[in-house]
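Worksheet for the structure shown next.
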Number of protein chains: 2
Amino acid sequence: MMAGPQALLWSINARAVLEAVDTLGPTGRPELVQETGLSKTTVAQALQELLARGVVREAGLDTERRGPAATLYGTDPGGGYAIGVDVEVERVTAVLVDLAGAEVARASRPTTGVAQGVAQVVAEVVAEVVSELVTEPATELVTELVTELVTEPATELVTELVTAPDAELVTAPVDGVRVGQVVIGVPALVARDGRSIRASRGLPGAAHLGAELQTLLPYPVLLENDVNLAAVAEQRRGAGRGVDDFVLLRVGTGLGAGVVIGGRLHRGFAGGAGEVGFLPHPATALGGEVLGARQIGQVARELGVEGSPAELFARAAAGEASALAVAGAVARRLAHVIGAIALVIEPELFVVGGPGTEVLLEPVRRHLAADAPDLVVGVTGSGVPGDAVLQGAALVAHEHVRERVFTEATT
Amino acid sequence: MMAGPQALLWSINARAVLEAVDTLGPTGRPELVQETGLSKTTVAQALQELLARGVVREAGLDTERRGPAATLYGTDPGGGYAIGVDVEVERVTAVLVDLAGAEVARASRPTTGVAQGVAQVVAEVVAEVVSELVTEPATELVTELVTELVTEPATELVTELVTAPDAELVTAPVDGVRVGQVVIGVPALVARDGRSIRASRGLPGAAHLGAELQTLLPYPVLLENDVNLAAVAEQRRGAGRGVDDFVLLRVGTGLGAGVVIGGRLHRGFAGGAGEVGFLPHPATALGGEVLGARQIGQVARELGVEGSPAELFARAAAGEASALAVAGAVARRLAHVIGAIALVIEPELFVVGGPGTEVLLEPVRRHLAADAPDLVVGVTGSGVPGDAVLQGAALVAHEHVRERVFTEATT
DNA sequence: CAGTAGGTCGGAAAGTTTCCTACTGCCGCA
DNA sequence: TGCGGCAGTAGGAAACTTTCCGACCTACTG
């Protein structure tokens, strides 16, 4: 059990104060007292220590209410950075977020198409966002800090950043810019260790991407299935907010599912949970895929139409009859998959994602109502604006960093 | 957050001591010191307080080692009782366990067959185990306590129990016998509130069983699906020990699955997770059942055999060719269901339960190896001796009681 | 005689309450 | 319209309380 020393109390209290500061944003002490339930003195002491350790900084004054101006405290966004990467078949995108979770830099590059090049491209994009943080947004940081009437730490920070040597960016951590975690979303089946790739839809020959990247990057690297990351994004910022159990179904190159159970992403024993594209279907032989780009294309050809899934969905949304028929057929299969998943885990909600898939929602609901009237699940479209995979990767990386920095600061 | 007062520390330490006492059984103080990592003084204080609150009692002396005899401390088994009930189609069984989790009393009755009678039968069986505790094992308690050289509390307890009025047993809690929770396993789909029944395989018209029982019993009542409870039993005492994610498949009246994810039972949004008997199968139309008693019977008839699933499995185990053929067909469908479940959540292990189902294991493994060679899951038989549902019910009830008593004692 | 269980005492650490000071906005009075 | 007091709030210091730990001491048994 090991629940011993009194120092534990300090950890608990400091953590409570830190969490409150982080979730509430710039906050005065009295509010923190109320939020944490701790006494004034304890909060003051904790803040003093956290201030000394550099996780918390003074963030302006509150002159709104009467009485003396209350100094506001906030977490130091520069306390640790996290990077999320989305590796798509034809493009690699990266974002760098600060400890507050705000996007600081973004970069994107086309893949060369060569399998061996993927790791290199990722490393380059990562280096790009880091350098962008080091050089460009320094001014932004200054203005931000100046508007908050705290000038000293700003200049300090800027000099620190500007003097950082650009050349060593890729091979060594830049002084003052601590990147604590890189999370990389890949269209592949990733083992639970976050390194090895078991099977891949769009990255042939990238089995050792994790190890390769770790040699190229001086930061801790974690691979993750792209759909899983999109599910995380939905959970935190999209349609899955506040929902304990939901399943994200992503229609695109293949059909993939991100399973969130009990508020946590469920990866499966070997990272293979959510491979629902291969669920049995009357129309397919055992082991065949129900719903991938190939299947959609085949259905389309049978109906005399051509195009990628996204194109077809867009044309269906525009009202084109034959494309609508394709969408209807896809929706039918999707409803079938949803029904099968519901029989196993009965989540509260299904989120349908992927380009142009809004057009599928209504037909899917109709099919479900007709085929499985007892089913009480909801079906919604994605609630994440922009690249859900990228955001999910950034969220996961950010959480890793946040957890590490916070526990470090309260131990 | 509310992590305020210093009293929290006492809670933590007391809880640590209590858990140690509970898991280690009768233990001396020095061992508790080592186990908890706390100081001698703190452990002594905590024990004193827990002793005063009645959760912990002195449980004999350790005269083995040299030096003065160490007084041993153990949790008081009479601190709270829990009852688990298994409602089968033709029989109702109940066990009463003490705070240590040991079985104290057991009773069983045939159901009258009338739907309205089920609640009544359950109430009677519950009353029976309670009265059995009150009257019979008092002597057992005495002997037990006497052997431990602690005479005072024993006599006290006995008089208390013996003077308890038998007549009020069903309508009011017996003085000195605190039954904290009754958990009832039913062959039905139970909503997550543990009260209402959504659909039932073997209990027609028992939709309000929960409410009925609550009026008949003076203890908190919780309903739960029988397969789910069996899964809990497997997790704690059976094949699922130490496995985070596994699925129990129970072949019998119908095919049901108990899904354990992250060490926790997953019920689904409306308690409908694990209804895998209706998963799509090439041989069945959408909505048909894959594998129930009826399906097994049908397969058997086609092969020219007759009998209940349990009988057929037993005959297959005995080597009867036609029964073996039936088992093979059932195993084939079971493997199909396992494959489908694995695609959704990919658990580490599948446990196959139900009377006589050991004969299915090998054929299921063969089918899986042939049809889905990439699948890395294990397939095992049940590891729970006796009635898994009953044990699961008792375990869940016991945990409720334990948690309540422990938190009460350390607050 | 040595090794161990149990108890007691003093010190240390942490948190809470209370009191005090300093500052600002608002209201009322001249 | 200008000015002074009142009220409300932030920040800090000191005293008190709770809790835990280490060390010393006693008692007991092989």
Side-chain angles (χ1 to χ4, degrees), chain A residues 1-18 20-21 24 26-52 56-74 149 410-411, chain B residues 1-18 20-21 24 26-52 56-74 149 410-411:
Chain A
M1 272 282 125
M2 267 304 297
Q6 276 172 305
L8 174 66
L9 251 195
W10 186 81
S11 283
I12 295 176
N13 289 337
R15 183 65 185 237
V17 172
L18 188 49
V21 167
L24 296 174
T27 322
R29 281 203 234 184
E31 204 175 338
L32 292 174
V33 168
Q34 190 163 7
E35 183 70 15
T36 57
L38 299 170
S39 84
K40 219 170 46 164
T41 320
T42 308
V43 170
Q45 274 183 348
L47 279 177
Q48 197 179 347
E49 185 63 26
L50 291 172
L51 222 51
V56 168
R57 56 165 200 184
E58 297 180 355
L61 297 170
D62 178 12
T63 54
E64 289 298 296
R65 18 194 158 187
R66 61 180 165 182
T71 50
L72 301 176
Y73 295 87
L149 303 179
T410 58
T411 312
Chain B
M1 273 281 124
M2 267 304 296
Q6 286 165 292
L8 174 64
L9 251 193
W10 186 83
S11 284
I12 294 175
N13 289 337
R15 183 66 184 237
V17 172
L18 188 50
V21 167
L24 294 175
T27 322
R29 282 204 232 182
E31 201 175 339
L32 291 174
V33 168
Q34 190 162 7
E35 184 70 16
T36 58
L38 298 170
S39 84
K40 218 172 45 168
T41 328
T42 308
V43 171
Q45 275 182 350
L47 278 176
Q48 196 181 348
E49 184 63 28
L50 292 172
L51 222 53
V56 168
R57 56 164 201 185
E58 297 181 354
L61 296 170
D62 178 13
T63 55
E64 289 299 295
R65 18 193 158 190
R66 67 178 164 181
T71 51
L72 300 176
Y73 296 87
L149 304 179
T410 56
T411 313

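Residue numbering restarts at 1 for every chain, and letters A, B, ... go by the order of the sequence lines. Keep in mind that the numbers below use all heavy atoms, side chains included, and drop hydrogens, waters and symmetry copies.
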Taken to the nearest whole Å, CD/B:Glu58 to P/C:dA5 is 16 Å
Ignoring backbone atoms, establish whether B:Thr71 has a side-chain N or O less than 4.0 Å from OP1 or OP2 of C:dG6. yes
Looking at A:Leu38 and A:Val33, what are the two nearest heavy atoms and their distance? O-CG1, 3.2 Å
For A:Val43 and A:Arg29, the nearest pair of non-hydrogen atoms, with its separation, is CG1-O, 4.5 Å
Atom-to-atom span, CG of B:Leu72 to P of C:dA5 - whole angstrom: 11 Å
Are B:Val21 and B:Leu50 packed together at the side-chain level, in the sense that at least one heavy-atom pair is separated by less than 4.5 angstrom? no
With respect to the phosphate group of C:dA14, does any side-chain polar atom (N or O) of A:Asn13 fall under 4.0 Å of OP1 or OP2? no
Value in whole Å for how far the P atom of D:dT19 lies from CD of B:Gln48: 13 Å
Taking C-beta and beyond as the side chain, do B:Thr36 and B:Asn13 meet within less than 4.5 Å on heavy atoms? no
In whole angstrom, what separates A:Leu8's CG from D:dC20's P? 11 Å
Less than 4.5 Å apart, side chain to side chain, heavy atoms only: is that true for A:Val17 and A:Thr410? no
Just the rounded figure in Å: distance from P of D:dC20 to CG of A:Leu9. 9 Å
Do B:Glu58 and B:Tyr73 make a side-chain contact, defined as non-hydrogen atoms from C-beta onward lying under 4.5 Å apart? yes
Per-nucleotide protein contact string for nucleotides 17-23 of chain C, where B marks a base within reach and S marks sugar-phosphate only (heavy atoms under 4.0 Å, - for neither): B-B--BB
Given atom CD1 of A:Ile12 and atom P of C:dA13, what is their separation to the nearest angstrom? 19 Å
B:Leu51 CG to C:dG6 P, straight-line distance once rounded to whole Å: 12 Å
What does D:dG30 pair with, Watson-Crick or G-U, if both distances are under 3.5 Å? C:dC1
Taking the nucleotide of DNA chain D with the nearest heavy atom to each, does B:Gln45 or A:Gly28 sit closer to the 5' end? A:Gly28
Separation of D:dG11 P from A:Arg29 CZ (nearest whole Å): 5 Å
What distance do A:Leu8 atom CG and B:Leu8 atom CG have between them, rounded to the nearest 0.5 Å? 8.0 Å
